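A short worksheet on the structure shown next.
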2 protein chains.
Amino acid sequence: MARRRQAVTIRHVAADAGVSLQTVSRVINKEPNVRPEMMQRVQESIARLGYVPSIAAQRMSGSRSYLILALNDRERTIADWRSRQGADWVDQMLLGGMLTCAEHGYRLIIELVDTHSDHIERELAGAIAALQPDGVILTPPHSENALITGLLDRHGISYARIGSLAPGGFALTMDDDNAARLATEHLVALGHRRIGFIAGPSDYELSGWRVTGWRRAMAAAGLATDDLLAEGDFSFASGRDAAQRLLDSPAPPSAIIASNDQMALATLALLRTRGLDVPRDVSLVSFDDTPIVRFTHPALTAIVQPIAEVAARAVELIIAERAGRATPDGPTVVPAGLVVRGSTAPPRDAMVVEEERG
Amino acid sequence: MARRRQAVTIRHVAADAGVSLQTVSRVINKEPNVRPEMMQRVQESIARLGYVPSIAAQRMSGSRSYLILALNDRERTIADWRSRQGADWVDQMLLGGMLTCAEHGYRLIIELVDTHSDHIERELAGAIAALQPDGVILTPPHSENALITGLLDRHGISYARIGSLAPGGFALTMDDDNAARLATEHLVALGHRRIGFIAGPSDYELSGWRVTGWRRAMAAAGLATDDLLAEGDFSFASGRDAAQRLLDSPAPPSAIIASNDQMALATLALLRTRGLDVPRDVSLVSFDDTPIVRFTHPALTAIVQPIAEVAARAVELIIAERAGRATPDGPTVVPAGLVVRGSTAPPRDAMVVEEERG
DNA sequence: ATGAAAGCGCTAACAA
DNA sequence: TTGTTAGCGCTTTCAT
């Protein structure tokens with residue numbers, strides 16, 4: 001294989017336009033101090049020759065690599081891919097992040113990192129040394145990882161943390177407390193009074209926010225939350241256990257909100273096993289709205305996480321900072337939504353009351 | 001932002017080990033002509049300093065960028081991501097391709113390209129100029145695109161074509177004809193004699209292979225295929241139309257094989273609309289085995305496409321070629337499998353016969 | 001507002 | 001087997 005060189009370089013453009021390399025560079029980088037007529041002449045040459053700057057060369061001399069790294073948990077991501085259960089977190093990140101990158105001439109590279117802390121610094125340091133990314137997007141459960149943020153701070157690489165409100169970098173959330181409130185209010189409006197909540201693990205900061213949202217909405221409706229909270233770890237098995245605890249309590253809930261899809265599916269399966277109908281006997285709301293919850297029977301009412309949009313915003317923040325544009329001080333909150341499907345209905349007793357009335 | 005430089009460069013390593021830059025370079029690239037003791041000394045320095053070569057610099061001087069591009073159809077990919085129907089093609093590509101890349105120090109970058117031919121050359125030429133990838137993986141329907149392969153040939157970039165048997169680059173298939181044969185034989189073994197086939201669009205070469213596999217298996221079983229073939233374009237709507245044609249024929253099939261999941265789901269929905277039970281009245285087999293077909297009622301018997309493995313093999317072929325290792329001449333065929341679920345059963349008449357016997 | 005020179009980190013070609 | 005030299009394509013100084 002011959003040594004591969006750039007077909008068209010800045011040199012060709014400079015020669016074609018009859019200007020110096022610098023002028024071309026200035027045009028490429030939209031720098032000031034170029035007369036409009038010069039700029040146009042150069043841009044015409046660029047278009048005519050089909051010139052595209054080499055990212056490698058830009059990185060070599062300048063400070064930009066036009067690369068943004070999206071860090072995802074290795075174990076969980078690979079497990080999701082292998083199990084083919086329809087989790088589409090990475091796809092949604094790509095949808096929002098990659099397309100937004102493309103708009104600005106950047107590329108998004110998915111990078112998997114081990115949670116195990118021995119590896120994490122070496123791995124990330126290696127990726128940084130190899131790629132010299134202009135920015136890094138952190139996703140749960142790494143958004144709060146001080147080892148990671150410390151490393152990035154030391155390297156002067158800007159980063160965005162999805163699902164975090166901590167200072168340092170750009171914090172973005174998907175409005176978790178509000179989302180839980182939405183789900184709770186939906187059930188309250190249907191007439192439910194005992195609404196159980198299956199929380200996620202506490203190493204995800206957003207788990208707490210969701211509990212808070214549920215608690216607040218319950219309190220606002222004058223409802224108690226004692227004995228109505230169970231914690232899982234986002235896995236199917238833990239969801240089943242949590243649901244079991246809720247259902248076995250002296251006064252079981254007439255509706256359950258699960259903090260993610262796997263735990264909601266586990267709850268659905270358990271309810272079916274016990275001969276309980278959804279939504280007639282128990283209503284069920286899921287977080288995430290990954291593809292599969294549309295295909296269960298009944299399809300699940302779910303909180304829609306705006307993953308694509310939050311990824312897009314994260315990219316925009318990183319690029320804006322590098323471009324020297326103003327960026328917000330506080331966290332960016334992208335609102336979540338609620339999709340009502342077949343798994344929520346008025347509780348049994350409420351229906352009886354209605355029937356008695358009628 | 002300060003001009004960001006490499007923290008540890010080849011220079012530091014050379015100084016630390018007391019050798020020349022070139023010797024370090026040779027060790028990094030596993031080149032010959034380095035004494036084992038030298039090599040070890042250098043490797044120790046590399047480990048101690050935590051040195052990782054800059055991909056940008058490697059690309060600048062050498063011929064390798066350690067980047068592999070995976071080309072996917074823009075429109076279809078974005079539609080899949082947005083619709084959140086569980087299509088996990090990209091995930092499976094990442095699972096196989098990215099992890100294999102990582103093993104060899106490469107990175108996989110997903111690149112979306114427009115099918116529209118005006119754009120395709122400019123876009124790809126731009127991506128090549130910007131990234132100078134060491135290899136490109138083509139996926140259907142671009143695997144056979146002469147505009148693309150011509151451009152890659154001219155640039156001397158090695159490429160792999162998934163779902164193609166054409167010469168030029170590395171051809172890989174997922175054993176489509178055999179897969180269709182498997183599905184057909186499964187139905188034949190259950191006692192079906194009229195097995196309908198919904199083909200994919202003809203711009204996907206693999207559509208034809210699947211039809212061939214079905215035809216051969218039918219012929220081998222002594223069964224006719226007249227009036228049992230309908231063509232769709234992989235979309236839900238086209239699947240419904242095709243299923244309609246099959247079911248409205250004078251002698252409708254007792255089993256249907258659909259060339260992808262969307263068309264299978266459409267067939268399932270149509271059958272339900274017509275009050276036909278799956279699998280009691282009609283058996284149904286899908287291609288692809290994307291996540292959702294496990295959650296339909298009944299779950300669908302499906303051909304499992306080894307997307308991850310074929311992506312892994314594609315990456316390996318590209319890397320092997322660049323490393324000067326031997327590569328196979330012919331196409332690489334990765335076998336597909338069949339997962340039997342609830343959508344296939346003996347046909348009604350066969351059951352009647354059995355009942356009469358019993 | 002424009003240009004010339006220096007060098008980023010690394011490897012290919014050549015020399016020793 | 002090892003080291004030296006000359007760039008790769010671009011952006012940063014610093015001149016003009």
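Convention: sequence-line order gives letters A, B, ...; per-chain numbering from 1. Remember, predicted model here, so these are calculated numbers, not experimental data.
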Checklist outcome for this item: the helix from C/dA1-D/dT16 to C/dA16-D/dT1: angle between terminal helix axes, five bp per end, to the nearest 10 degrees, reads 30°
Checklist entry - So does B/R35 get a side-chain nitrogen or oxygen closer than 4.0 Å to the phosphate oxygens (OP1/OP2) of D/dT2? => result yes
Item to check | Distance in angstrom units between A/I10 CD1 and C/dA4 P, rounded | outcome: 14 Å
Checklist outcome for this item: Taken to the nearest whole Å, CD/A/Q6 to C1'/D/dT11 is 15 Å
Checklist entry - Is A/R59 reaching over with its side chain to a backbone N or O of A/S65, donor-acceptor style, under 3.5 angstrom? => result no
Checklist entry - How many Å lie between CZ on B/R41 and C1' on D/dT2, as a whole number? => result 11 Å
Next on the checklist: Between C/dG3 and A/R26, counting only base atoms on the nucleotide and side-chain atoms on the residue, is there a donor-acceptor pair under 3.5 Å?
Outcome noted: yes
Checklist entry - Looking only at side-chain N and O atoms, does B/S20 come under 4.0 Å of OP1 or OP2 in D/dG3? => result yes
Checklist entry - Whole Å only: how far is the CD atom of A/Q132 from the C1' atom of D/dC10? => result 15 Å
Next on the checklist: I want to verify a distance call: between D/dT4, C/dT11, D/dC10, whose nearest atom is closest to the A/S54 side chain?
Outcome noted: D/dC10
Item to check | Residue-phosphate contact under 4.0 Å: B/N29 side-chain N/O, C/dT11 OP1/OP2 | outcome: yes
Item to check | Interatomic distance where CG belongs to A/N33 and C1' belongs to D/dT16 [whole Å] | outcome: 14 Å
Checklist entry - So, B/S25 side chain and B/L21 main chain: donor-acceptor pair closer than 3.5 Å or not? => result no
Checklist entry - Start at the 5' end of DNA chain D and walk down; is the nucleotide closest to B/L21 or to B/A57 reached first? => result B/L21
Checklist entry - From the list C/dG3, D/dC10, D/dC8, which nucleotide is the closest neighbour of the side chain of B/M60? => result D/dC8
Item to check | Residues, nucleotides or ligands: over 12 heavy atoms within 6.0 Å of A/E44 CD | outcome: yes
Checklist entry - So does A/T23 get a side-chain nitrogen or oxygen closer than 4.0 Å to the phosphate oxygens (OP1/OP2) of C/dG3? => result yes
Checklist entry - Name the one of A/I110, A/L71, A/V315, A/N72 that satisfies side chain to side chain contact (heavy atoms under 4.5 Å, CB included) with A/I137? => result A/V315
Next on the checklist: Without decimals, in angstroms, what is the distance between A/I55 CD1 and D/dG9 P?
Outcome noted: 15 Å
Next on the checklist: Tell me whether A/D118 at atom CG has more than 12 heavy atoms from other residues, nucleotides or ligands lying less than 6.0 Å away.
Outcome noted: yes
Next on the checklist: How many whole angstroms separate atom CE of B/M38 from atom P of D/dG3?
Outcome noted: 6 Å
Item to check | For atom CZ of A/R11 and atom C1' of D/dT11, their distance in whole Å | outcome: 13 Å
Checklist entry - Any side-chain heavy atom of B/V13 sitting closer than 4.5 Å to one from B/V27? => result no
Checklist entry - Is any NZ, NE, NH1 or NH2 atom of the basic residue among B/R313 and B/E309 found under 4.0 Å from an Asp or Glu carboxylate oxygen of the other? => result yes
Next on the checklist: As a test of reading the structure: which of C/dT11, D/dG3, D/dT12 is closest to the side chain of B/S25, going by heavy atoms?
Outcome noted: C/dT11
Checklist entry - How would you label the contact of B/P53 with the nucleic acid (heavy atoms, under 4.0 Å): base, sugar-phosphate, or nothing? => result sugar-phosphate
Checklist entry - How would you label the contact of A/Q22 with the nucleic acid (heavy atoms, under 4.0 Å): base, sugar-phosphate, or nothing? => result base
Checklist entry - Between D/dT1, C/dC10, C/dT2, which nucleotide gets closest to the side-chain atoms of B/Y51? => result C/dC10
Checklist entry - Are A/D134 and A/R64 ion-paired here, with the side-chain N under 4.0 Å from a carboxylate O? => result no
